[in-house]
Amino acid sequence: MSDKPNAHLAQDQFLTILSREDALARFGAALFPRALASESLALEFALGRALVGDVLAPIDVPPFDRSNVDGFAVRAGDLRNASEATPARLTLNDEVIACGIAPKLHVGAMSATPISTGGPVPRGADAIVMIEQTQPAGVGAVDMRRAANPGQFISYAGSDMARGESVLRAGTILGAREIGMLAACGIAQVNVARAPRVAIVSTGDELVQPGGTLAPAQIFDTNGPIVAAAVRENGGEAHFLGSVPDEEQALEKIMRDALASHDMLILSGGTSKGAGDLTHRLIARLGAPGILAHGVALKPGKPLCLAVCDGKPVVILPGFPTSAMFTFHDMIAPVLRRMAGLPPRNDAKVQATLPVRVASELGRTEFVMVALVEGADGLFAYPTGKGSGAITSFAQADGFLRIEALADHAPAGAAVDVTLFTPHVRVPDLTLIGSHCTGLDLVTAPLVCKGLTIRTIAVGSLGGLAAAKRGECDLAPIHLFDETSESYNRSFLVEGLELVEGWRRMQGIVYRNDDARFAGCDAREAVRRALADESCLMVNRNPAAGTRILIDRLLQGAKPGGYWNQPKSHNAVAAAVAQGRADWGMTIAPVAAAYGLAFLPFAQEHYDFAVVSARKNRAAVQAFLESLRSDESHAALVRAGFTPAT
Ligand code: AMP
Ligand code: MG
């Protein structure tokens, strides 16, 4: 290796990116075929496991000839001539066979023995007559009003499962039914595929475990819990070993220890270019053949690293949680399931229409998360993309679609297959697409309590309006100021949409309470002072935002420091100012209060709803409008710092 001093440098830069298919093939070839590790488990722990080997019935089930009904055990021949008019009168034998009672007496000619459902058929009897078809005939006798077929209402020994018969095949996944069959033939222990023991390690100096406290620049470890849960969902035994800093010795130790006692090791983070990227270099020392793919043409998920060390898969998932989750499900879950003896996941899919064009990088298989929305004729798949770092895009999405590596986009109007995250789609009862406001949750809360499902997709006012025009939502929350008419929202509506007033929110300038530069001024004066001070940084808003229109009015063409910092939410503005990354910005009063910032009111903004007329009569829309007008919602809005419009 000394003649190739740059070997790992080349690797760091993903010079050899593999296609998804090639990476899967290499990974698979290095791991399979392999013997399935097995273990013997008590039935109560075997649920969901795959059987190793066929199971043969050790006994007959039922173990004896058994009555299926309550009635009398008889000899069919004695009833040959029985009818309503000439019943056969049988003498009762002096025993009653209940469940669990072994018969003692023989059923001789013209006699009968009372028997319960489940009772063993006595010697001599060859049929059971239901009690409903008999008539008591004084002490010790019973009348039979019908002939009986030999064998009627008898389950013969072994008719359910015969001794020696294979009752369950190797590979069967044990559910309640299968466990019942094993119990019925007395089997207490089964040989099942051993759940692969999977060690999970998060890497990164910035990680804190949930429950801890975040210092500046730290984030909570999301991948640890995600991967542990996903491993369990796919038949693995997950052992989360915690997070380790990007520090060579610590990492090497935990990786070695983990591999010694596990069947598989999954790390996350540290695979992209950067100072802390050393996990993949450590893998080379852990066993042969080592790294098989580092860099896969997936989006999200390019930095995925796949390795096999002495027969055990070692995987480094990308750091971004959604990337980690997609690569896990697409590339790792199939391998884990195979090691656990489980069949491939049976993902549910639905057909939908893509309402907007989705660009895609040529040469990379791209996964696009989508939310399903009920349209006039069929489902729409609305991309919820927020970038691979956003965990909430998962919560908002119902599933994902795949754009193949050879396509550079999926056109608007395309029919797409959506793989559902959960097998049952629940298209939401109410869909709001547009601008988000914390007040919205207050108005929808009572609907949620009633069991309605609500989806809000935050795409900004203009995006919402476009969706409403296409009929993809019930309501579009908007706050758009029209310079010409000096009014809000109404002038933006087109035919097919109607305006329902929502609430007013005070927009204003925020700054940190201890910033003396803004003391004692109003919003306009504050901006004048900020513009006069070169060291004073602003935080702006994105161009599609209603708030941006107000900011531009105040700036009158000036572009001070921070102007190009354009986050997409009220909260991001407040966070930037509160954390000192900016000195001032514009946000709404309730958000300013939540972040403990000083607030200089500037304009009362109208947050209203463009209702799609064709959908107005839907029960969920009516329920929303009712809630919007209710005293409870008004009170909640006022408490949160909003002013209901009516
Ligand atoms: P890395 O691959 O380590 O450079 O990480 C890429 C991004 O993912 C960075 O923003 C990390 O902070 C983030 N990240 C890495 N690991 C985790 C984790 N376990 N939980 C949440 N975010 C993470
Ligand atoms: Mg990292």
Side-chain angles (χ1 to χ4, degrees), residues 8-9 11-15 17 23 198-233 238-255 258 264-283 291 293-307 314-332 364 367 369 385-395 567-568 572 575-576 579 581:
H8 59 65
L9 259 184
Q11 200 161 46
D12 287 353
Q13 292 168 5
F14 304 129
L15 281 188
I17 293 198
V198 182
I200 297 156
V201 176
S202 302
T203 73
D205 299 335
E206 74 279 30
L207 300 180
V208 175
Q209 289 309 308
T213 311
L214 291 182
Q218 290 187 322
I219 58 169
F220 287 119
D221 176 8
T222 319
N223 293 342
I226 286 182
V227 176
V231 162
R232 290 187 187 115
E233 279 178 356
H239 295 187
F240 177 54
L241 306 184
S243 63
V244 283
D246 296 307
E247 201 264 305
E248 186 153 351
Q249 262 135 26
L251 258 173
E252 181 160 3
K253 173 161 174 32
I254 203 165
M255 287 170 81
M264 184 168 182
L265 168 60
I266 303 181
L267 301 123
S268 69
T271 67
S272 43
K273 286 194 285 180
D277 303 334
L278 34 87
T279 16
H280 60 278
R281 255 171 269 155
L282 294 174
I283 289 180
I291 291 180
H294 181 211
V296 180
L298 284 177
K299 189 176 178 183
K302 181 156 124 190
L304 178 67
C305 177
L306 303 175
V314 177
V315 170
I316 312 178
L317 300 173
F320 281 124
T322 48
S323 311
M325 187 117 157
F326 267 111
T327 46
F328 179 88
H329 280 291
D330 195 50
M331 313 280 288
I332 317 305
R364 279 170 84 184
F367 298 99
M369 277 186 266
K386 274 190 173 184
S388 54
I391 191 78
T392 46
S393 39
F394 257 121
K568 289 186 187 150
Q579 293 163 7
R581 278 175 287 119

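Both counts, for ligands and for their atoms, begin at 1 and track the order of listing.
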Between G270 and ligand 1, does any nitrogen or oxygen pair lie at a separation below 3.5 Å?
yes
I need the atoms of ligand 1 closer than 4.0 Å to a non-hydrogen atom of D221, numbered in the order shown.
18 (C), 19 (N), 20 (N)
Quick one: does T213's side chain get under 4.5 Å of V208's, heavy atoms only?
no
Judged on heavy-atom distance to atom 23 (C) of ligand 1, which of P225, G319, P303, S202 sits nearest?
G319
So which bit of A324 gets within less than 4.0 Å of ligand 1, heavy atoms only: side chain, backbone, both or neither?
neither
Heavy-atom distances under 4.0 Å are what count here, so tell me which part of L207 touches ligand 1: side chain, backbone, both or neither.
side chain
So is P321 touching ligand 1 or not, going by heavy atoms under 4.0 Å?
yes
Mind checking whether I219 has an N or O less than 3.5 Å away from an N or O of ligand 1?
no
Taking only heavy atoms of F220 into account, list the atoms of ligand 1 that are under 4.0 Å away from them.
20 (N), 21 (C)
Less than 4.5 Å apart, any side-chain heavy atom of I283 and any of I316?
yes
Between Q218 (side chain) and A215 (backbone), is there a donor-acceptor pair under 3.5 Å?
yes
Of the non-hydrogen atoms in P321 and N223, which two are nearest, and what is the gap between them?
CA-OD1, 3.1 Å
Backbone N or O of F220 within a donor-acceptor pair of the T222 side chain at under 3.5 Å?
yes
Looking at ligand 1, would P318 count as a contact under a 4.0 Å heavy-atom criterion?
no
Kindly say whether S268 contributes a backbone atom to a donor-acceptor pair with the side chain of T203 at under 3.5 angstrom?
yes
Distance col, row I332:CD1 vs L317:CG, nearest 0.5 angstrom, shows 6.0 Å
In terms of atom number and element, which parts of ligand 1 are under 4.0 angstrom from non-hydrogen atoms of G269?
2 (O), 3 (O)
